Amino acid sequence: MKTPEAARRPGFPLRLKPDTGMLSAGKNMADGGGFTSPKSLNGDRNKLQKPPLTGLGQDSHAIRARMVDKLAAQGLADPQVLAAMGLVERHRFVDTGLGNQAYEDTSLPIGLGQTISKPNVVARMLELLMRGQSGKLGRVLEIGTGCGYQAALLGQLATEVYSIERLRGLHDKARENLRPFRLPNVHLLFCDGMLGYAKGAPYAAIISAAGGESIPAAWVDQLAIGGRLVAPTQLAGGAQLLVVVDKTAQGVRQTVLEAVHFVPLKSGTN
Ligand code: SAH
């Protein structure tokens, strides 16, 4: 290969933005802007307050810290992923009536028959995407913006995020949900994600929140050499399984992991 692999990796050098801590919707919120430093997430757990799970606002910071503790107890260990999950306010992405369930390990409806995955599954997929690397990912493609929650997390983990949604109603909702977080590196696109997004390629990572019967060829084409793709896929008409695709100079390696339950990947827009 003529081009060294490192030089072909996307995202380097891309403009690196300083961490602003702007993960909360506005600075004047009662919960102190929702900022939790990664350090404090790993701090003395006994010092965590235990607010009732029904109360958000003032308590949402501590509730998220408790969610992160649970994720860590379940074996999730990537410090960047856990820090992002401690920062992004999940309750702002679900209907107000569901806000008090936002930090439970449960999937929730987000409208138009779609769901936001439970935190454990979101963290697991992001951890697979990160592969334990200490720095940020380069450019990332997300298929299935939904309410925008995972896009906000990816905004912390990658230098640039392209997130595609095929349902206009959800694309608009995600735009509204994400606006107050002011994440200039997260780009929302209304189109058919089955085709990927060639203009942003090659991607260091591709993640799908919807599962098809196979992994679209466009995704693998748009993945950088050295890049990784994580997607739920219904293999051979059986159960939906989490599939990881690693693209190397030698070819493509597919790893099949545990069973998952994601909404179907559909073509076209609506
Ligand atoms: N990551 C999202 C989860 C959304 S659920 C979140 O954090 O909220 C999966 C989403 O994938 C749905 O909104 C669904 O409309 C979308 N989807 C399904 N097929 C798609 C396609 N071909 N292109 C783009 N989005 C698609």
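When a ligand or atom number is given, it counts from 1 through the structure's own listing order. As the structure is a computational prediction, the values presented were derived from the model and not from experiment.
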Item to complete: Report yes if some N/O of Asp192 lies less than 3.5 Å from some N/O of ligand 1; otherwise report no.
Response: yes
Worksheet item: With atoms numbered from 1 as shown, which atoms in ligand 1 lie under 4.0 angstrom from a non-hydrogen atom of Leu167?
Response: 15 (O)
Item to complete: Any chance you could measure Leu154, atom CG, to Thr159, atom OG1, to the nearest 0.5 Å?
Response: 11.5 Å
Worksheet item: Just which atoms of ligand 1 are under 4.0 Å from any heavy atom in Gly146?
Response: 4 (C), 8 (O), 13 (O)
Worksheet item: What about Ser267: any of its N or O atoms under 3.5 Å from an N or O on ligand 1?
Response: no
Worksheet item: What's the shortest distance from atom 13 (O) of ligand 1 to any protein heavy atom, and which residue and atom give it?
Response: Glu165 OE1, 2.7 Å
Worksheet entry | For Met194, atoms of ligand 1 separated by under 4.0 Å from a heavy atom | 22 (N)
Item to complete: Check each heavy atom of Thr145 against ligand 1 and say whether those closer than 4.0 Å belong to the side chain, the backbone, both or neither.
Response: backbone
Practice prompt. Just jot down the ligand 1 atoms closer than 4.0 angstrom to any heavy atom of Leu170, in number order.
Written response: 13 (O)
Worksheet entry | From CZ (Arg124) to CG (Leu129), nearest 0.5 Å | 12.0 Å
Fill in: Atom indices of ligand 1 within 4.0 angstrom of Glu142 heavy atoms, with elements
1 (N)
Fill in: Under-4.0 Å heavy-atom contact with ligand 1, by part of Val263 that carries it
side chain
Practice prompt. Would you please say whether a donor-acceptor pair under 3.5 Å links the side chains of Glu160 and His187?
Written response: yes
Fill in: Sub-4.0 Å atoms of ligand 1 with respect to non-hydrogen atoms of Ala209
1 (N), 3 (C), 9 (C)
Discussion item. I need the Leu235 CG to Gln240 CD distance, nearest 0.5 Å.
Written reply: 9.5 Å
Discussion item. With no hydrogens and no angle check, just 3.5 Å: does a side-chain donor-acceptor pair link Thr145 and Glu165?
Written reply: no
Worksheet entry | Donor + acceptor pair across side chains of Tyr103, Arg64 (<3.5 Å) | yes
Fill in: Nitrogen or oxygen of Ala210 less than 3.5 angstrom from that of ligand 1
no
Response to the item:
So CG of Leu108 and CD1 of Ile116: to nearest 0.5 Å the spacing works out to 6.5 Å
Discussion item. Within the structure, is a non-hydrogen atom of Ser163 found at a distance of less than 4.0 Å from ligand 1?
Written reply: no
Worksheet item: Does ligand 1 have a heavy atom under 4.0 Å from the side chain of Gln114, from its backbone, from both, or from neither?
Response: side chain
Worksheet item: Taking non-hydrogen atoms only, is Thr115 closer than 4.0 angstrom to ligand 1 via side chain, backbone, both or neither?
Response: backbone
Response to the item:
In this structure, atom 11 (O) of ligand 1 is nearest to the protein heavy atom Gly144 CA, 3.1 Å
Worksheet, complete the sentence: Among non-hydrogen protein atoms, atom 19 (N) of ligand 1 lies closest to Lys266 N, 3.0 Å
Item to complete: State whether Asp246 and Arg228 are salt-bridged, where the test is any N-O pair (Lys NZ or Arg NE/NH1/NH2 against Asp/Glu carboxylate O) under 4.0 Å.
Response: yes
Item to complete: Could you tell me whether some N/O pair between Gly193 and ligand 1 is separated by less than 3.5 angstrom?
Response: yes
Worksheet entry | atom 7 (O) of ligand 1: the protein heavy-atom neighbour that sits closest, reported with distance to 0.1 Å | Gln150 N, 3.1 Å
Worksheet item: What protein heavy atom sits nearest atom 20 (C) of ligand 1, and how far away is it?
Response: Arg166 CD, 3.2 Å
Worksheet entry | Exercise: do Glu142 and Gln150 side chains pair donor with acceptor under 3.5 Å | yes
Practice prompt. Quick one: look at Ser117 and ligand 1, take heavy-atom pairs under 4.0 Å, and tell me if it's side chain, backbone, both or neither.
Written response: neither
Worksheet item: Can you tell me how far OH of Tyr197 sits from OG of Ser163, rounded to the nearest 0.5 angstrom?
Response: 12.0 Å
Discussion item. I'd like to know if Lys118 pairs up with Glu104 as an ion pair, taking the criterion as any Lys NZ or Arg NE/NH1/NH2 lying under 4.0 Å from an Asp or Glu carboxylate oxygen.
Written reply: no
Worksheet item: In terms of the angle between their ring planes, are Phe190 and His171 parallel, tilted or perpendicular, with boundaries placed at 30° and 60°?
Response: tilted
Fill in: Check ion pair Glu176-Lys173 (N to O, under 4.0 angstrom)
no
